[in-house]
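Data first, discussion second: the structure below is written as structure tokens.
Residue numbers begin at 1 in each chain, while the letters A, B, ... track the order of the sequences.
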There are 2 protein chains.
Amino acid sequence: MALRHAVLAALLDGEYSGYQLAKAFDIGVANFWHALPQQLYAELAKLEKEGLVAGRQVVQETRPNKRLFQVTDAGRAELEKFAAAVSKPSFIRDDLLVKVQVADRIGTASVIEQLQERASAAEAKIELLGKLLRQLRGDADEEEFLRRGERIGPYLTCLRGLAFEQEHRDWCRRIAAVLRERQSTHAEG
Amino acid sequence: MALRHAVLAALLDGEYSGYQLAKAFDIGVANFWHALPQQLYAELAKLEKEGLVAGRQVVQETRPNKRLFQVTDAGRAELEKFAAAVSKPSFIRDDLLVKVQVADRIGTASVIEQLQERASAAEAKIELLGKLLRQLRGDADEEEFLRRGERIGPYLTCLRGLAFEQEHRDWCRRIAAVLRERQSTHAEG
DNA sequence: GCACCATACTCAAGAAAATGACTAATCACA
DNA sequence: TGTGATTAGTCATTTTCTTGAGTATGGTGC
């Protein structure tokens with residue numbers, strides 16, 4: 001079980017429809033999980049069948065009707081059970097790393113390009129996360145917020161996401177530079 | 001397609017049996033991909049059927065016979081095609097992050113424990129990667145090696161793995177400290 | 001007034017990954 | 001003498017993830 005707990009975690013912060021959840025997943029929760037709308041709908045249906053979330057129909061006039069979901073007591077219990085269980089170590093699993101691994105054996109040009117694109121994408125995400133963090137902590141400074149804020153969970157995971165993206169950006173830039181330099185010295189030599 | 005390219009990348013550095021590959025995956029390649037032996041055997045069989053790797057039987061007397069695989073020209077071409085194609089952005093996907101996200105809503109004690117375990121595991125991996133890096137670069141210092149070494153691909157991916165683990169360790173420790181402090185101030189107040 | 005975008009969702013099919021159980025030989029050790 | 005570790009691998013099943021297409025309504029811009 002995996003996505004189910006990410007969904008439960010996301011729903012802890014409010015009532016969402018499948019559609020809203022799909023949007024919400026792209027900010028906040030997306031730092032540690034990514035899923036397509038279809039998966040979320042499917043997961044919500046399963047969770048509802050098992051009584052871990054409860055849906056209620058909301059009739060709308062100007063928009064199609066929707067179903068809002070919230071976590072039930074059973075769902076909260078399931079999350080607690082999950083939090084107490086051991087979790088497997090995390091790893092990266094990134095296509096780009098496979099490409100870098102073989103970059104000096106096959107063509108490097110395309111890999112360098114992709115590294116730069118990734119660095120830019122990471123930069124964009126860094127800004128986004130920075131804004132999100134400022135928003136989450138409001139007026140308080142970080143230390144203060146972490147000591148006394150009521151809801152720090154999302155903040156803590158965003159911090160991880162931020163660190164990951166910064167690390168990723170720096171690595172991409174450095175590796176791109178290394179490969180570029182080797183490319184030019186090879187061309188000269 | 002995903003694991004297949006990681007396997008091809010790993011096989012670029014030599015001839016391996018499925019069994020050896022499974023071991024090799026736990027060092028080196030494991031920085032960006034993780035797979036169980038069964039998956040590797042299955043993938044090797046598929047790759048062989050498609051002509052991307054070639055296996056040869058090696059009869060052994062003291063051990064069960066084995067099949068060693070190496071990448072074919074078609075396999076190398078496939079890797080090149082893969083390296084040139086765009087790859088999806090990477091993300092973290094870690095159970096522990098889900099747990100931290102909800103830690104302030106449900107019990108924190110178990111999460112703190114897990115954070116500490118993770119920090120220790122990361123520490124161990126950092127040392128391992130440090131050794132691996134020293135081994136890969138031999139006598140040269142890093143700058144020099146990256147400029148003139150012949151096979152830098154694995155070194156570059158290990159650098160990413162190292163940074164990831166360091167980041168992970170630092171985050172785990174900090175978050176554990178934050179949660180611990182909140183736990184004690186709650187108990188007092 | 002028509003094309004396109006946003007909301008809100010469903011269905012079906014397939015590829016990829018994870019899990020569990022199992023065979024079979026040799027070697028180290030106690 | 002037999003218990004367990006190591007090498008070397010297979011088979012079957014399930015879960016998870018991805019891909020692609022389709023339905024329906026209302027609002028926006030040109």
Discussion item. Please determine whether a side-chain nitrogen or oxygen atom of B:Arg93 lies at a distance below 4.0 Å from atom OP1 or OP2 of D:dC17.
Written reply: yes
Item to complete: Taking only Lys NZ, Arg NE, NH1 and NH2, and the carboxylate oxygens of Asp or Glu, determine whether A:Glu142 and B:Arg174 approach each other closer than 4.0 Å.
Response: yes
Worksheet entry | Separation of D:dT18 P from A:Asp95 CG (nearest whole Å) | 11 Å
Fill in: Value in whole Å for how far the C1' atom of D:dT7 lies from CD of B:Gln57
14 Å
Discussion item. Check this one for me: any side-chain N or O of A:Tyr19 less than 4.0 Å away from OP1 or OP2 of C:dT7?
Written reply: yes
Discussion item. Whether A:Arg137 and A:Glu144 form a salt bridge (side-chain N of Lys/Arg under 4.0 Å from carboxylate O of Asp/Glu) is what I want to check.
Written reply: no
Item to complete: Mind checking the CD1-CG spacing from B:Ile175 to A:Leu156? Nearest 0.5 Å is all I need.
Response: 4.5 Å
Item to complete: Take the protein atom CG of A:Asn65 and the nucleotide atom P of C:dT10, then report the distance between them rounded to whole Å.
Response: 12 Å
Give every pair of a protein N or O atom and an N or O atom of nucleotides 24-28 of chain C that lie under 3.5 Å apart, one pair per line with the distance.
| unit_1 | atom_1 | unit_2 | atom_2 | d |
| --- | --- | --- | --- | --- |
| C:dT26 | O3' | B:Thr62 | O | 3.0 |
| C:dC27 | OP1 | B:Thr62 | OG1 | 3.2 |

Worksheet item: With no hydrogens and no angle check, do the side chains of A:Arg118 and A:His168 hold a donor and an acceptor under 3.5 Å apart?
Response: yes
Fill in: Atom pair distance, as rounded to whole Å: CZ in A:Arg4 and P in D:dC17
11 Å
Response to the item:
Taken in chain and number order and not counting sequence neighbours, the residues that satisfy ring pair (Phe, Tyr, Trp, His ring centres under 6.0 Å) with A:Phe145 are A:Tyr155
Discussion item. Could you check whether B:Glu113 pairs with B:Lys99 (Lys NZ or Arg NE/NH1/NH2 to Asp/Glu carboxylate O, under 4.0 Å)?
Written reply: no
Worksheet, complete the sentence: In whole angstroms, the gap separating P of C:dA17 from CZ of A:Phe91 amounts to 10 Å
Worksheet, complete the sentence: Of A:Ala35 and B:Phe69, the one whose closest nucleotide on DNA chain D sits nearer the 5' end is B:Phe69
Item to complete: Check whether any side-chain nitrogen or oxygen of A:Ser17 sits under 4.0 Å from OP1 or OP2 of C:dC9, and answer yes or no.
Response: yes
Worksheet, complete the sentence: B:Gln60 CD to D:dG9 C1', in whole Å, measures 12 Å
Worksheet item: For A:Glu181 and A:Thr185, does a side-chain donor sit closer than 3.5 Å to a side-chain acceptor?
Response: no
Item to complete: Can you measure from CD (B:Glu165) to CG (B:Asp170) and round to the nearest 0.5 angstrom?
Response: 11.0 Å
Practice prompt. Enter the distance from A:Arg180:CZ to A:Ser184:OG here, rounded to the nearest 0.5 Å.
Written response: 9.5 Å
Worksheet item: Within this structure, what is the CD-to-P distance between A:Glu15 and C:dA8, rounded to whole angstrom?
Response: 13 Å
Practice prompt. Give, ordered by number, those residues of residues 36-48 of chain B having at least one heavy-atom distance below 4.0 Å to an atom of DNA chain D; if nothing qualifies, reply none.
Written response: B:Gln38, B:Tyr41
Worksheet item: Using a cut-off of less than 4.0 Å, is there contact between a side-chain N or O of B:Arg67 and OP1 or OP2 of D:dT10?
Response: no
Worksheet item: OP1, OP2 of D:dA8 versus side-chain N and O of B:Gln20: anything below 4.0 Å?
Response: no
Practice prompt. Would you mind reading off the distance between B:Phe25 atom CZ and D:dG9 atom P, rounded to a whole angstrom?
Written response: 15 Å
Discussion item. Could you check whether A:Glu50 pairs with A:Lys46 (Lys NZ or Arg NE/NH1/NH2 to Asp/Glu carboxylate O, under 4.0 Å)?
Written reply: no
Worksheet item: OP1 or OP2 of D:dA8 sitting under 4.0 Å from any side-chain N/O of B:Lys23?
Response: no
